[in-house]
There are 2 protein chains.
Amino acid sequence: MLGDRRPPLAPMVRKLMLWKKLSTDEQEAVLLLPYRLARLEPGDYIIKEGALAEQSCLLLSGFAYRQKLTQDGARSISAIHMKGDIVDLQNALLGCADHSVQALTTADVAFIPRDVIVELAFRFPRVGLAMWYDTLVDASIFREWILNIARRDAQARIAHLICEFGVRLETLGLGDRSSYEFPMTQEQLADATGLTSVHVNRSLKELELRGLITRTVRYLVVGDWAKLQRAGEFDDAYLHLRRSETFMLN
Amino acid sequence: MLGDRRPPLAPMVRKLMLWKKLSTDEQEAVLLLPYRLARLEPGDYIIKEGALAEQSCLLLSGFAYRQKLTQDGARSISAIHMKGDIVDLQNALLGCADHSVQALTTADVAFIPRDVIVELAFRFPRVGLAMWYDTLVDASIFREWILNIARRDAQARIAHLICEFGVRLETLGLGDRSSYEFPMTQEQLADATGLTSVHVNRSLKELELRGLITRTVRYLVVGDWAKLQRAGEFDDAYLHLRRSETFMLN
DNA sequence: CGCCGGTTTGAGTCCATTCAAGAGGAGTGG
DNA sequence: CCACTCCTCTTGAATGGACTCAAACCGGCG
């Protein structure tokens, strides 16, 4: 890593290094990407469904989520993103956004032109592979969410999401998996699990009653990680965090 | 295209050309990839969850599906694949399979070593981009399925899946969107929509009663495409088939 | 002919929803 | 400092869409 004060894009390097070891040259190339900083407030759009996506967006702080709507306005949240996530690579590469991405909390972001990213990906194949991996891991999470929503009951769905959130926070060095600030409202939690906010409320209470979690305002403590994990059938394999070196090419 | 008798990997070229125009050189490079052919029977595994994925798999004929299981054996199908789909790029690049892929019907496949694919992707960036796009479109479909399962009722979910299937068949030149052979059992349809097979049966009957579809054994006729589309809230934007050239880089 | 996987149908149940109303907290403005 | 609003959370009661359990049906095939 470059020794000096953290350059703005450092979280991106950190994220990519989860997927692939990068040389100093490669890291530097990422850090030198041109960008435009912006501060977003909750609900602000990073990209709106149907719009042209000409830039990618890196989350530097705060949280964001992906959402789609049905005709009659019912909402589905398909992903939560945190610091270091390259939030809009998917829309940017595809061109036309098939879903919206919005700030969940106050958030700092860096917009990076799409073609610069693509150019970098092919000038430094290992960086490109890391970015490709990153989008593939996102896809893996989508698959797990499909299973979660399709085949688990309310409590398990919520427990699963809480576990995933904790593990991802911890991986990024943003906190402890068993005690963290939880930024979602119950309504958002409902839209991420395919439930109604009313039922999420009741289910959370049940989980609390069973001693699996404790809640205070927007803050969550996992009382018994093992039990919560079992309740949510959570197995972090799908996050692909423990990549044995055998798999890493080059 | 190479003028002679269809080379085995031609479906892959056709699929990639959906996402990006490729030069003769690039096409030829794809066709010259080393491969191993195999014929699979329904239920045969292309890759099993938890296994090491060292090769990618191209579907040459027939259908395949991705699935995950819960602890107690409930199944979730997260994708259906057809001729030309590069079915296992996701697992192969990630190394450890986070889900299984199985043949839905009798199917011919070509296994291609992972490193050869990666090498090709970076030797011919436009081919690489096309492959990257392909995995991103898969991800887009996952997002739509999340919405489908989370926020639509049984009839709409099924109608949506039927529409998607038809459009994709038609795009690949495998049939007509409003009349095709439908390879899934009602149980598989249930696992793809987060329902039970009993309820799928009843919902199909309802759709038939409303005049939207007609069924005979494993064959499906869409009586009124516009109505079915409305019933399933189907908008094919998420399939990214109409890529305006503006978005295509290089 | 009889098995077997898939489809169909019925009856009863339940998990999650809907509708509705109240409580708590944060922010705003008089 | 209190009144007022807005948003989120909480709780109750009634409803309903989808599930479970169970049995019968059907067509293909050995």
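First the proteins, then the strands, lettered A, B, ... as listed; each starts at 1. All figures in this text were calculated on a predicted structure; none of them were measured in a lab.
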### Message
Heavy-atom count check: over 12 atoms from other residues, nucleotides or ligands less than 6.0 Å from A/K83 NZ?
### Response
no
Does B/D153 reach the main-chain N or O of B/A156 with its side chain, forming a donor-acceptor pair under 3.5 Å?
yes
Numerically ordered, the residues 182-196 of chain B set in heavy-atom contact under 4.0 Å with DNA chain D is B/G194, B/L195, B/T196
A/E41 CD to D/dC7 P, in whole Å, measures 16 Å
Rounded to 10°, the helix from C/dC1-D/dG30 to C/dG30-D/dC1 deviates from straight, judged by its five-pair end axes, by 30°
So the contacted stretch of DNA chain C, first to last nucleotide with an atom under 4.0 Å from a non-hydrogen atom of chain B, runs from C/dG6 to C/dA11
Residues 192-201 of chain B vs side-chain hydrogen bond (donor to acceptor under 3.5 Å, both in side chains), sequence neighbours excluded, gives B/Q186-B/N201
Query - Check: A/F63 ring centroid to A/F165 ring centroid under 6.0 Å - result: yes
Taken in chain and number order and not counting sequence neighbours, the residues that satisfy salt bridge (charged side-chain N to carboxylate O under 4.0 Å, His left out) with B/E181 are none
Applied to residues 88-107 of chain B, the salt bridge (Lys or Arg N to Asp or Glu O under 4.0 Å) test, sequence neighbours excluded, yields A/R143-B/D98
Show the distances under 3.5 angstrom between N or O atoms of the protein and N or O atoms of nucleotides 11-15 of chain D.
from   : atom 1 : to     : atom 2 : distance (Å)
D/dT11 : OP2    : A/K205 : NZ     : 2.9
D/dG12 : N7     : A/R202 : NH1    : 3.2
D/dG12 : O6     : A/R202 : NH2    : 3.3
D/dA13 : N6     : A/R202 : NH2    : 3.0

Sorted by chain and residue number, the salt bridge (charged side-chain N to carboxylate O under 4.0 Å, His left out) partners of B/R168 (sequence neighbours excluded) come out as B/D85, B/E164
Numerically ordered, the residues 67-76 of chain B set in heavy-atom contact under 4.0 Å with DNA chain D is none
**Prompt:** Without hydrogens or angle criteria, can the side chains of A/E41 and A/T106 be said to hold a donor-acceptor pair below 3.5 Å?
**Reply:** yes
For A/E49, the salt bridge (charged side-chain N to carboxylate O under 4.0 Å, His left out) test, sequence neighbours excluded, returns none
Expected list for residues 213-223 of chain A near DNA chain D, using heavy atoms below 4.0 Å, is A/R215, A/R218
In short, salt bridge (Lys or Arg N to Asp or Glu O under 4.0 Å) pairs touching residues 198-211 of chain A with sequence neighbours left out are A/E208-A/R215
